[in-house]
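Shown next, in structure tokens, is the structure this report addresses.
Order of the sequence lines sets the chain letters (A, B, ...), proteins ahead of strands, with each chain counted from 1. Values below: all heavy atoms of this structure, side chains included; hydrogens, waters and symmetry mates excluded.
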Number of protein chains: 2
Amino acid sequence: MKRITIKDLSKFLSLSTSTISRALLNDKNVNLETRKRVLDAADQLGYKPNLTALNLKSGQSKTIGIVVPEMITPFSAKVLEGIQNALYPLGYRLVITQSDENPVIERKNLQLLEDFNVDGIIINLCHETYNNDLYQQIMDQGTPLVFFDRIPGKSLDVSKVIVDDSINSSLMVEYLIKTGRKRIAHIMGPQTIRNAVERANGYKRIMTKYNIFDENLIISTEGMSFGHGKEAVQQLLEREVKFDSIFAFSDTLAIGAMNFLLENNIKIPGDVAVASFSGTELSSIVYPQLTSVQQPLKSMGEAAAGLMLEKIKDSSAPNRTVLMDAELVYRASTL
Amino acid sequence: MKRITIKDLSKFLSLSTSTISRALLNDKNVNLETRKRVLDAADQLGYKPNLTALNLKSGQSKTIGIVVPEMITPFSAKVLEGIQNALYPLGYRLVITQSDENPVIERKNLQLLEDFNVDGIIINLCHETYNNDLYQQIMDQGTPLVFFDRIPGKSLDVSKVIVDDSINSSLMVEYLIKTGRKRIAHIMGPQTIRNAVERANGYKRIMTKYNIFDENLIISTEGMSFGHGKEAVQQLLEREVKFDSIFAFSDTLAIGAMNFLLENNIKIPGDVAVASFSGTELSSIVYPQLTSVQQPLKSMGEAAAGLMLEKIKDSSAPNRTVLMDAELVYRASTL
DNA sequence: GTGAAAGCGCTAACAC
DNA sequence: GTGTTAGCGCTTTCAC
């Protein structure tokens with residue numbers, strides 16, 4: 001099944017390849033008649049441009065690398081959908097890698113992507129700081145890097161797509177307070193994740209404002225899995241910390257926590273209300289449905305793709321930060 | 001940040017590009033000394049092969065298209081992980097598309113993939129039959145097509161990776177029977193999905209064998225979402241069909257069903273046991289954890305990639321069916 | 001053991 | 001308005 005090339009069309013129509021090319025590209029310097037003949041023949045013979053040849057010509061690989069911490073929750077999938085929506089129509093392909101919340105794997109992934117000659121990398125960090133050297137090196141080499149959700153520390157000037165972690169956390173905690181909860185525990189995730197610290201800050205600020213802050217209510221976890229969420233609650237109980245609600249760093253941690261509560265016959269939200277930050281479909285899949293700060297994941301993906309395209313078009317484009325609005329969605333777990 | 005090419009090395013070492021190329025490829029016809037010089041220089045200058053050029057030369061796009069019905073559950077993500085494990089080391093990139101359980105979108109996706117000049121397509125169907133013409137056409141054009149999980153009807157001879165839907169369903173239903181359940185409802189999913197019919201067959205066979213088959217216990221759904229699972233149970237209740245357990249076509253339908261039960265204060269598994277078929281992480285995320293037929297998703301992805309590589313290497317390779325073992329995992333929802 | 005040259009499919013100066 | 005030519009980065013005959 002040999003593919004039809006411009007050469008084939010050229011022979012078929014007894015025209016030079018350049019004329020064919022021009023006709024196909026809607027170049028003005030082509031007789032209307034000729035263009036029509038070319039287009040018809042292309043259609044008839046089933047001509048399709050060879051993207052590889054185009055890429056070689058343009059010096060691009062038309063491949064974007066993606067690094068995400070995990071793909072178990074629909075978080076990354078949703079963002080990817082946005083990225084794909086933006087990039088597929090432009091002929092970009094993807095190499096999607098997962099770091100499994102492990103900086104070492106993240107490093108390997110980035111190196112893999114370099115081997116792929118990617119035109120750029122869109123990344124959601126697993127932990128801050130560990131690989132800052134590599135991020136910088138990649139950018140220095142001229143490969144655009146765009147961050148979303150979990151971003152590196154302020155020491156690195158980068159393009160990024162985020163929501164305001166601190167403010168949205170404050171809003172969610174304030175909502176819990178307004179519903180009458182006073183002992184709000186916070187499962188904050190690993191302290192090496194920048195957003196975890198930000199969200200904890202938002203939590204602290206509002207708890208302090210209402211004069212109900214208690215250091216003991218905060219518990220950080222080693223990792224981001226459901227198991228870590230469970231453990232966190234278990235620890236709170238073991239330490240005999242009293243709490244009437246939980247605000248968790250992520251859907252995953254929250255659901256882990258919920259499961260532990262349910263296993264121990266603690267009613268949600270009767271005994272303990274639960275709220276989280278993420279906004280994945282998981283929050284409406286579990287029972288009771290989970291109140292959560294909903295991030296506009298698909299739009300975030302589209303925005304990240306947009307920043308990437310900017311950088312690809314003009315490598316000297318300034319780094320930009322896109323701050324997206326999140327939405328508090330109230331569900332059964334707090335009502 | 002100009003990339004180093006073979007030409008650069010050639011100038012740098014005053015050697016012809018062909019010698020550089022040979023040295024890099026470990027061709028025997030190169031002086032050992034020369035090879036070492038080349039390798040050193042390549043390392044020093046940071047040479048990396050241009051994959052696009054390689055691809056143009058070899059006539060491949062080194063891109064594999066993927067079509068999956070959805071990415072909300074971790075099902076596809078797991079399979080993808082297997083595919084990626086197998087294909088990334090070989091330099092393949094992916095274009096992953098979602099059909100949203102919609103044959104029309106599936107069609108568009110396939111056409112998009114053709115435009116990408118993919119070397120092959122790995123696909124998990126949304127509904128059988130609708131696009132058989134297109135599958136055939138794609139294969140006729142010489143683009144290898146490998147199916148997994150949801151496959152087309154027998155009329156199409158294709159390479160595929162599956163588990164035995166019928167037998168595993170029988171086993172799961174028999175397990176429910178052995179735990180004392182007699183009124184086992186089956187939420188079977190849309191009848192246009194081949195696997196749904198297969199799994200229903202497995203269900204029927206074993207129910208009949210034990211003389212407890214009742215047509216009323218089977219309910220098919222319009223779609224595959226959580227909502228459809230809910231609706232199914234609701235209908236069973238409305239029809240006043242008595243049941244002490246549910247066997248669902250997928251985790252998603254099962255979880256939707258579970259949520260409806262819980263919302264109506266029906267105890268799981270006390271009043272109604274629930275089991276499903278899929279084997280995604282979702283089954284251990286929900287509460288109570290869900291008994292399920294666990295498919296070896298990652299391995300299935302690897303197998304599919306393997307079949308694809310076979311076809312790419314030798315387009316006349318015969319179609320093969322890889323039948324994988326599934327595992328029944330018993331969790332709280334049936335204990 | 002090494003070099004020169006052609007060619008993968010396409011576009012874009014540069015002619016005419 | 002159309003054709004000729006060179007070249008993107010690489011491999012691979014074909015010479016020597």
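For A:Y92, the ring pair (Phe, Tyr, Trp, His ring centres under 6.0 Å) criterion is met by no residue, not counting sequence neighbours. In this structure, the ring pair (Phe, Tyr, Trp, His ring centres under 6.0 Å) partners of A:Y135, at least two apart in sequence or on a different chain, are A:F147. When the ring pair (Phe, Tyr, Trp, His ring centres under 6.0 Å) test is applied to B:Y88, the partners found at least two apart in sequence or on another chain are A:F116.
Taking for each of B:V30 and B:S58 the nucleotide of DNA chain C with the nearest heavy atom, the 5'-most of the two is the partner of B:V30.
For B:N50 (side chain) and B:A53 (main-chain N/O), a donor-acceptor pair under 3.5 Å exists by modelled atom type.
In terms of heavy atoms, A:A86 sits closest to A:L90 at O-CD1, 3.9 Å.
A:T34 comes within contact range of the sugar-phosphate backbone alone, with a heavy-atom separation under 4.0 Å but no base atom that close. Within 4.0 Å (heavy atoms only), A:N31 reaches sugar-phosphate atoms of the nucleic acid but no base atom.
In this structure, B:I20 places its CD1 atom 12 Å from C1' of C:dG3, rounding to the nearest Å. In this structure, B:D27 places its CG atom 11 Å from C1' of C:dT2, rounding to the nearest Å.
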Close N or O pairs between protein and nucleotides 10-12 of chain C (under 3.5 Å):
| residue | atom | partner | partner atom | Å |
| --- | --- | --- | --- | --- |
| C:dC10 | OP1 | A:Y47 | OH | 2.6 |
| C:dC10 | OP1 | A:N50 | N | 3.3 |
| C:dC10 | OP2 | A:I6 | N | 2.5 |
| C:dT11 | OP2 | A:S21 | OG | 2.7 |
| C:dT11 | O2 | A:K57 | NZ | 3.1 |

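With a heavy-atom cut-off of 4.0 Å to chain A, the contacted part of DNA chain D has its first and last nucleotide at D:dG1 to D:dG9.
Checking B:N195 against B:R150 by side-chain atom types alone, no donor-acceptor pair falls below 3.5 Å. For B:R93 and A:T63, the side-chain atoms include at least one donor-acceptor pair closer than 3.5 Å.
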Can you give me every donor-acceptor pair (side chain of residues 17-30 of chain B, partner residue at least two apart or in another chain, under 3.5 Å) with its distance?
| residue | atom | partner | partner atom | Å |
| --- | --- | --- | --- | --- |
| B:S18 | OG | B:S16 | OG | 3.1 |
| B:T19 | OG1 | B:S16 | OG | 3.1 |
| B:D27 | OD1 | B:N29 | N | 2.7 |

